[in-house]
Amino acid sequence: MLGVLIAFEGGEGTGKSTQAARLAERLGATLTREPGGTAIGGRIRALVLDPANQELADRAEALLMAADRAQHVAEVIRPVLDAGGIVVTDRFAGSSLAYQSYGRGLPLEEIERLSRWATDGVWPDVVVLLSVPDAVAEARLGDERDRMEGVGDGFHQRVADGFRALAAADPERWVVLDGTGTVDEVADRVWAAVAPRLEAGAR
Ligand code: TMP
């Protein structure tokens, strides 16, 4: 595979979707997201985020996220990488590790194995973790919560701690950036962190 895969990760309300779009535009890259980067993924996304589906079991949630990722890689990501292009994705496997493992409590190595199987080995070259204080994320979220945003009991704190642990464990791949400030300020920070890695031939 000749291309480069860049993933944005972080909790809800960190501004990662805005920043993923800005970076993709600047790079002329393919912009996509998880869950929901394909038509099939859109149906999975609706299912997993619908607050009416409270009975969804943790393992079923993990498998649905992995199914979304498998379809996303097969249909969107791998063809672009094979053609030597750049893909910027708003969430990838890091979200499964943070949400389904650190958040839900499923074993980390099992969730990682599931994701690697789903992607047939496709893994991001660069992961950008945007970090904002809880109060800022909360204010950006608003009142309408989807099924994941609505989970209580310290879930989102465990997810945030999980993202930090994942980044600390793999500092060559992950960059942690301050997500506070204007969109332009954060976009400049993202560019300053990502551009040198692309020049260095991130892979
Ligand atoms: P989004 O609205 O930021 O795109 O997020 C979709 C939700 O799905 C968000 O709460 C994170 C969650 N999610 C997981 O729990 N596991 C995953 O693997 C992915 C990709 C997303």
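Whatever order the structure lists them in is the order used to number ligands and atoms, beginning at 1.
Ranking the protein heavy atoms by distance from atom 20 (C) of ligand 1 puts R69 NH2, 3.5 Å first. In terms of protein heavy-atom proximity, atom 9 (C) of ligand 1 is closest to E12 OE2, 3.4 Å. The closest protein non-hydrogen atom to atom 18 (O) of ligand 1 is S96 OG, 2.6 Å. R45 NH2, 3.1 Å is the protein heavy atom nearest to atom 2 (O) of ligand 1. At the shortest separation from atom 6 (C) of ligand 1 among protein heavy atoms lies P35 CD, 3.8 Å. Scanning all protein heavy atoms for the shortest distance to atom 13 (N) of ligand 1 gives M65 CE, 3.5 Å.
With hydrogens and angles disregarded, a donor-acceptor distance shorter than 3.5 Å links the side chain of H156 to the backbone of M148.
Using the six-membered ring where Trp is involved, W174 and F163 have ring planes that are tilted, between 30° and 60° apart. Ring planes of F92 and H72: tilted class, angle from 30 to 60°.
For ligand 1, the atoms sitting less than 4.0 Å from at least one non-hydrogen atom of Q100 are 14 (C), 15 (O), 16 (N), 17 (C), 18 (O), numbered in the order shown with element in parentheses. The distance from ligand 1 to the heavy atoms of L49 drops below 4.0 Å at these ligand atoms: 7 (C), 8 (O). Less than 4.0 angstrom separates some heavy atom of S95 from each of these atoms of ligand 1: 16 (N), 17 (C), 18 (O), 19 (C), 20 (C), 21 (C).
Seen from the ring of F155, R104 counts as a face-on cation partner, given the 6.0 Å and 45° thresholds.
Heavy-atom neighbours of E172 CD from other residues, nucleotides or ligands within 6.0 Å: at or below the threshold of 12.
Residue-level proximity to ligand 1 for R33 is absent, since no heavy atom of it falls below 4.0 angstrom. Neither the backbone nor the side chain of E61 has any atom closer than 4.0 Å to an atom of ligand 1 (non-hydrogen atoms only). With a 4.0 Å heavy-atom cut-off, ligand 1 is reached by the side chain of R91 but not by its N, CA, C or O. When non-hydrogen atoms are compared, ligand 1 lies under 4.0 Å from neither the backbone nor the side chain of D146. Contacts of K16 with ligand 1, taken as heavy-atom pairs under 4.0 Å, involve the side chain alone.
D178 contributes atom CG, which lies 4.5 Å from atom CZ of R189 (distance to the nearest 0.5 angstrom). D188 CG to L177 CG: the interatomic distance, rounded to the nearest 0.5 Å, is 11.5 Å.
The hydrophobic cluster containing V127 does not contain I6, counting ILVMFWY residues as joined when their side-chain heavy atoms lie under 4.5 angstrom apart, directly or transitively.
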Can S17 and R33 be said to form a side-chain hydrogen bond (donor to acceptor under 3.5 Å, both in side chains), step by step? CA-CA 8 Å; S17 305; R33 70 166 178 178; over 6 Å; no

